[in-house]
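Residue numbering restarts at 1 for every chain, and letters A, B, ... go by the order of the sequence lines.
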Amino acid sequence: MSRRRGLWLAGLLVTLVVAGFVSSYASSSPDGLEWAAGETGFADTARDSATADSPLADYAVSGVDDGRLSGGLAGVAGVAVTLVLAGGLTLALRRRTGRSAQDAAAARPAGD
Amino acid sequence: MHVPDGFLDAPTSVATGVVAAGTVALALRGARRELDERTAPLAGLTAAFVFAVQMVNFPVGAGTSGHLIGGALTAVLVGPWTAVLCTTVVLVVQAVLFADGGITALGTNVTLMGLVAVGVGYGVSRLLLSVLPRTRGGLLAAAGAGAFVSVPAAALVFVALFAAGGVADVPLGAVAAAMGGVHVLIGIGEAVITVAVLAAVLSVRPDLVHGAAHLHRPADLATRPGLRAEEVVR
């Protein structure tokens with residue numbers, strides 16, 4: 001396995017663990033903006049998002065009662081969607097040097 | 001930091017939408033220069049990683065929390081224009097699927113986190129890189145400082161937008177003090193996470209880190225006969 005792919009797979013694993021598991025330990029306190037809005041008195045001007053009824057709204061899968069499972073599944077779904085969109089965009093924009101395949105072939109015997 | 005619908009009036013939201021659209025259009029051009037066959041897959045993963053880490057709000061005291069924005073981290077990892085695109089994708093996914101950040105506030109959020117946090121985070125890092133030692137430690141210090149400054153910078157730009165088009169009549173000085181104060185604390189967390197992640201990537205693949213290009217000295221390393229410099233840095 002190339003070291004580049006090794007980094008990518010390790011990064012993906014860490015990303016999935018953070019979104020699917022570590023996220024259940026996130027602080028539920030209001031974030032800085034919500035807190036400041038509450039302190040200074042404009043929090044009540046916030047309106048519900050047009051997507052508030054989304055099946056994934058507020059990082060929970062509707063219909064899954066277990067909070068930890070629901071949040072974890074929502075996180076993994078978000079990672080998957082973000083990876084497809086951002087990965088697709090960056091792959092589409094990349095410079096195609098045409099050298100990559102040759103380099104990979106040349107590097108393989110040396111155990112890159 | 002995700003601005004909900006309703007905090008800013010329609011003209012301000014439209015204006016930030018225009019700024020955000022212009023920024024993304026420039027980034028689509030700029031990112032072509034940053035992305036190649038080797039770095040493009042890493043950029044996609046970086047966006048997914050930022051999405052994941054943004055789910056993990058950390059406490060900052062006084063019953064408040066914050067999460068990574070990732071502007072400096074992403075810019076140093078994959079380049080500033082690509083960082084704008086990665087941040088924008090994360091914000092769109094959060095707004096559309098997770099109701100985190102309003103839909104009419106999407107332009108505001110892209111402006112604050114995709115333009116200001118990335119721009120300030122990368123700008124401060126580059127400025128410090130020009131005076132700090134050209135070492136891994138110097139890069140980490142520069143990125144950490146850029147990350148720290150980027151968070152209160154984005155918070156204060158929100159205050160400026162609120163001054164222009166906030167729907168509530170509240171004292172601006174109090175909003176600036178509250179936003180600035182809590183986001184200085186969140187900025188410390190931003191810096192810690194940025195340095196930790198960057199150090200980890202630099203320890204395994206420094207050649208894939210956009211901001212570490214100045215650490216490579218292919219001419220000095222190319223000692224094996226017949227080996228091209230571009231193969232050495234790989």
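When each of B/A168, B/G102, B/G63, B/P171 is scored by its heavy-atom pairs under 4.5 Å with chain A, the top score falls to B/G63.
Proximity to chain B (any heavy atom under 4.5 Å) is restricted, for A/L89, to the side chain, taken from C-beta onward. Residue B/A200: no heavy atom, backbone or side chain, is found under 4.5 Å from chain A. For B/L97, the parts sitting under 4.5 Å from any heavy atom of chain A are the backbone and the side chain alike. Only the backbone of A/A43 has a heavy atom closer than 4.5 Å to any heavy atom of chain B. Neither the backbone nor the side chain of B/V60 has a heavy atom closer than 4.5 Å to any heavy atom of chain A. For chain A, the nearby part of B/T82 is the side chain; its heavy atoms alone come within less than 4.5 Å. If you measure heavy-atom distances from B/V93 to chain A, the contacts under 4.5 Å come from the side chain alone. Residue contact with chain B, scored on non-hydrogen atoms closer than 4.5 Å, involves the backbone of A/D48 exclusively. Residue B/M179 touches chain A through both its backbone and its side chain, counting heavy-atom pairs closer than 4.5 Å. Both the backbone and the side chain of B/L45 come within less than 4.5 Å of a heavy atom in chain A.
Annotation: A/D66, atom CG; neighbour count of heavy atoms from other residues, nucleotides and ligands within 6.0 Å is above 12.
Centroid-to-centroid, the aromatic rings of B/F58 and A/Y25 stay 6.0 Å apart or farther.
Among the residues in residues 4-12 of chain B, those with a non-hydrogen atom closer than 4.5 angstrom to a non-hydrogen atom of chain A are B/P4, B/D5, B/G6, B/F7.
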